[in-house]
There are 2 protein chains.
Amino acid sequence: MYTLHHHPACPYSRKVRLLMAEKGMDFTLVTEEPWKYRPEFLALNPANELPVLEEPDGHVLCGHRSICEYIDETTSRPLFGSYAHDRAEVRRLCDWFDDKFYKEVSVYLIEEKLMKRIIGGGAPDSDAIRAGKANILGHLSYSEWLLKQRKWLAGEALSMADLAFAAHLSVLDYIGEVPWDKTEDGEPLFEETKNWYARVKSRPSFRPLLADRIQGTVPSSCYADLDF
Amino acid sequence: MYTLHHHPACPYSRKVRLLMAEKGMDFTLVTEEPWKYRPEFLALNPANELPVLEEPDGHVLCGHRSICEYIDETTSRPLFGSYAHDRAEVRRLCDWFDDKFYKEVSVYLIEEKLMKRIIGGGAPDSDAIRAGKANILGHLSYSEWLLKQRKWLAGEALSMADLAFAAHLSVLDYIGEVPWDKTEDGEPLFEETKNWYARVKSRPSFRPLLADRIQGTVPSSCYADLDF
């Protein structure tokens, strides 16, 4: 049995959970609060970052990218793509969501609207929230553009890029910060992305995420709704 | 012939240059200044980030990780390791240097002492410089710890992790911000890391980096010195 050290507010942990579920791996979740700098956790990962995966034989894997690549390499049905160019595109998009989206959107909204309730740190900074709300629009326009050309984010098949973006969106969706609004015509503002997210959200791998509850914050009404 | 869009102050571009040189690939460098948001560069990489690799057939690869993995997959003599656990360790350490070291050290020192001279943006922020100078000590202690157990950062053979850390250090070394100081006993403060960096710096792949000159800033006296 694998053990995944995670936190429900951590998009990178969610990404690994989705991947492990897609791969049909059996695992136990252990919740970690890295802001507590527990010596036992630091001994597992000196970077003090989530997620951390313990293999049944006790081998420890740290770092969300390293863990995902390892899982994909050692299991069947590759989610990074079958050819080198495909993998380059999947990895480019994973990094887009894991680095760029996180830095420009998630860090503002998650820190201010979720983590400050859990850890403390004062009132939410309205400038930061405004920045996150503005920046998400550009990223959703990019996913719209991609999904007008492709069935899934990186091509014609579900890939790690879909799991990465869905994991990040799912935390924002929990706090009601994904603009699923409709235009004046009654069409969703980001229709392709909404349809794509509905497809990902309906997968069995997503179900445990929809049952997550994060301390101190009730999920938005659309969070667990498959017909949002 | 490959074309690499790079900037000499960008550690991620340096990492890819080292990898391509280690692999014996023939490539031309094109200097890009991403802060100018050139439409031609944005058309190559909508993330507007360096490095970008153009293949001889015109195929474009973006993102330092994606490019490095692609090169390693499609050439001989793997630098990510030969076994899944080895690759997990190489990738964990690459991300340590590319993400954690960059965020805690490089971004402060490179932004304040190098980029502000190139792009402008006012006087260097002494608090930021102080933070970078303090944080690098913890990271060098970590590389010391690793190198006391292993010949190279991720194990007994040179790997991508060595190229990643050396690329990041090389930019800081250019501005004289790697503490190669000696203790009172006349021994280097970070002896293992200094010996390791001297080994990497002596490789033919490193030579073009030592010839780099960054606009507005003269390199530190030890930068190109193999016996620093």
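Below, each value reflects all heavy atoms present in this structure, side chains not excepted, and no hydrogens, waters or symmetry copies. From a predicted model like this one, the values you see are computed outputs, not experimental measurements. Just so we're on the same page: letters track the sequence lines, and every chain starts at 1.
- Side-chain contact, B:Glu89 with B:Tyr83: no donor N or O sits under 3.5 Å from an acceptor N or O.
- Between the side chains of B:Ser143 and B:Thr193, at least one donor N or O lies within less than 3.5 Å of an accepting N or O.
- Ranked by heavy-atom pairs under 4.5 Å with chain B, the list A:Gly63, A:Ala84, A:Cys94 is led by A:Ala84.
- Looking only at heavy-atom pairs under 4.5 Å with chain A, the residue among B:Glu73, B:Arg65, B:Lys100 that has the most is B:Arg65.
- Residues forming a ring pair (Phe, Tyr, Trp, His ring centres under 6.0 Å) with B:Tyr174 (at least two apart in sequence, or on another chain): B:Tyr223.
- The parts of B:His85 that come within reach of chain A are both its backbone and its side chain, each placing non-hydrogen atoms under 4.5 angstrom from that chain.
- Side-chain contact check for B:His5 and B:Glu54: at least one donor-acceptor pair (N or O, by modelled atom type) lies under 3.5 Å.
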